[in-house]
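Hydrogens, waters and symmetry mates are skipped; everything else that's a heavy atom, side chains included, is used.
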Amino acid sequence: MGNLLCCVQVDQSTVAIKEQFGKYQDVLQPGCHCLPWCFGFQLAGHLSLRVQQLDVRCETKTKDNVFVNVVASIQYRALADKANDAFYKLSNTKGQIQAYVFDVIRASVPKLNLDDVFEQKNEIAKAVEDELEKAMSAYGYEIVQTLIVDIEPDEHVKRAMNEINAAARMRVAANEKAEAEKILQIKRAEGEAESKYLSGLGIARQRQAIVDGLRDSVLGFSVNVPGTSAKDVMDMVLLTQYFDTMKEIGASSKSSAVFLPHGPGAVRDVASQIRDGLLQASVDH
């Protein structure tokens, strides 16, 4: 019906190319337009002014000889004031953009090592955008945005990079664990030294208390029993303690203690040894 009435409709965000007998005449903006076909007017086609996106996957090699796939996302649109250039000058817009992307990426990435490619992907994207902007502006297109959305090294290279990273983290963890064990050993040694020191103080005080108690007992016994010397009292105390100890050991059903030598004659030797030990402790104190 529109063709019979010589009326055409152009949708929003779209322009139409008007021709007369095959020659470009005008760019029709969105709305309704009259094209009397009897005078040779016709629509050559429509051109979208919306932002379009093209994803380009480019395989190239880095400076350290690692093959990578670089995925670039190009966002572009046709300019309304240059719609005739965008419609007539390019027959394959996407192919043209893809060719420029290949050219820039394959010129930039081989200058960088693999790690630098990841770090400088924004610089690569900027180089692609600048080159496309200069080239495509002559054909009536605007480059809105250029992004490097993915960098994919070879699968073996990715596995090796992950193993290197894992080994480095394990090395750091081992160092931290060793440092923690070192601190624990130092603290344990300090605690053991402090414990031994305090234990020594306790033993020294215990011996001093024993000596003081025995001294008081000997002096009290000598005063109450005339004619006894301190040595006689000491021998009697030690002999009493000796038999008390033997009684306690014998009363235990699970005792496995063995005393050598054993007999009444050994009491004097035991008494001498104990006396010498106590006197030595008193002197040391």
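Nearest approach of Tyr88 to Ala44, heavy atoms of both residues: OH-CB, 4.2 Å. Taking both residues in full, the closest heavy atoms of Leu28 and Val10 are given as O-CG1, 4.0 Å, listed atom of the first, atom of the second, then distance. Of all non-hydrogen atoms in Ala86 and Gly140, the two that sit nearest each other are CB-O, 3.8 Å. Pro153 and Phe118 get closest at one heavy-atom pair: CG-CZ, 3.9 Å.
More than 12 heavy-atom neighbours from other residues, nucleotides or ligands sit within 6.0 angstrom of CD on Glu190. Counting heavy atoms of neighbouring residues, nucleotides and ligands inside a 6.0 Å radius, atom CZ of Phe39 does not exceed 12 of them. The number of heavy atoms from other shown groups lying within 6.0 Å of OH (Tyr139) does not exceed 12. Under a cut-off of 6.0 angstrom, the local environment of CZ in Arg106 is crowded, with over 12 non-hydrogen atoms contributed by other residues, nucleotides or ligands.
Between Tyr141 and Leu90, some side-chain heavy-atom pair lies under the 4.5 Å cut-off. You'll find the side chain of Asn175 stays beyond 4.5 Å of the side chain of Glu179, heavy atoms only. Looking only at side-chain heavy atoms (C-beta outward), Tyr76 and Glu133 stay at 4.5 Å or farther from each other. In this structure, Pro110 and Thr60 have side chains that are in contact, with non-hydrogen atoms separated by less than 4.5 Å. Side-chain contact between Pro30 and Gln12 is present, with heavy atoms from C-beta onward closer than 4.5 Å. No side-chain heavy atom of Val109 sits under 4.5 Å from any side-chain heavy atom of Lys61. A heavy-atom distance below 4.5 Å is found between the side chains of Met136 and Ile97. For the pair Phe67/Glu59, a side-chain contact is recorded, criterion being any heavy-atom separation below 4.5 Å from C-beta on.
Contact check on Glu192 versus Arg188 returns no salt bridge, with no Lys/Arg side-chain nitrogen under 4.0 Å from an Asp/Glu carboxylate oxygen. Contact check on Lys134 versus Asp130 returns no salt bridge, with no Lys/Arg side-chain nitrogen under 4.0 Å from an Asp/Glu carboxylate oxygen.
Once rounded to the nearest 0.5 Å, the distance linking NZ of Lys82 with CG of Asn84 reads 10.0 Å. How far CG of Asp150 is from NZ of Lys121: 9.5 Å, rounded to the nearest 0.5 Å. Interatomic distance, His33 NE2 to Leu43 CG, rounded to the nearest 0.5 Å: 9.0 Å. Put simply, CG on Leu132 and CD on Gln98 are 11.5 Å apart, with the number rounded to the nearest 0.5 Å.
By the 6.0 Å and 45° rule, Lys18 does not stack over the aromatic ring of Tyr24.
The backbone N or O of Thr14 lies less than 3.5 Å from no partner atom in the side chain of Asp11, so there is not a single donor-acceptor pair. A donor-acceptor contact shorter than 3.5 Å links the side chain of Asp64 to the backbone of Leu114. Between the side chain of Ser195 and the main chain of Gly191, no donor-acceptor pair closer than 3.5 Å is present.
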Steps toward side chain to side chain contact (heavy atoms under 4.5 Å, CB included) verdict (Arg50, Ser13)
CA-CA 6 Å; Arg50 296 178 179 178; Ser13 300; 3.8 Å; yes
Stepwise side chain to side chain contact (heavy atoms under 4.5 Å, CB included) test for Val68 and Thr62
CA-CA 7 Å; Val68 294; Thr62 63; 4.2 Å; yes
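Leu54 and Ile105 fall within the same hydrophobic cluster, defined by Ile, Leu, Val, Met, Phe, Trp and Tyr side-chain heavy atoms under 4.5 Å apart, directly or through other members. By the rule that hydrophobic residues join a cluster once side-chain heavy atoms approach within less than 4.5 Å of another member, Leu112 and Ile151 end up as members of one cluster. Placement of Leu47 and Val27 within a single hydrophobic cluster is found when ILVMFWY residues are connected by side-chain heavy-atom separations under 4.5 Å, directly or transitively. Cluster annotation: Val51 is not connected to Phe87 through the hydrophobic network of ILVMFWY side chains, with a link wherever side-chain heavy atoms come within less than 4.5 Å. When the side chains of ILVMFWY residues are joined at heavy-atom separations under 4.5 Å, either directly or via intervening members, Ile74 and Leu49 end up in a single hydrophobic cluster.
Judged as a side chain to side chain contact (heavy atoms under 4.5 Å, CB included), and not counting sequence neighbours, the contacts of Gln145 are Gln75, Glu129, Leu147. For Lys63, the side chain to side chain contact (heavy atoms under 4.5 Å, CB included) test picks out Asn113, with sequence neighbours left out. For Arg57, the salt bridge (charged side-chain N to carboxylate O under 4.0 Å, His left out) partners at least two apart in sequence or on another chain are Glu152.
Checking each of Asp55, Thr146, Ile148 against Ser73 for a side-chain contact (heavy atoms from CB on, under 4.5 Å) leaves exactly one that passes, namely Asp55.
Remark: the Ser137 side chain and the Glu142 side chain contain no N/O donor-acceptor pair separated by less than 3.5 Å. Gln120 and Asn122 are not linked by any side-chain donor-acceptor pair at a separation below 3.5 angstrom, with hydrogens and angles left out of the test.
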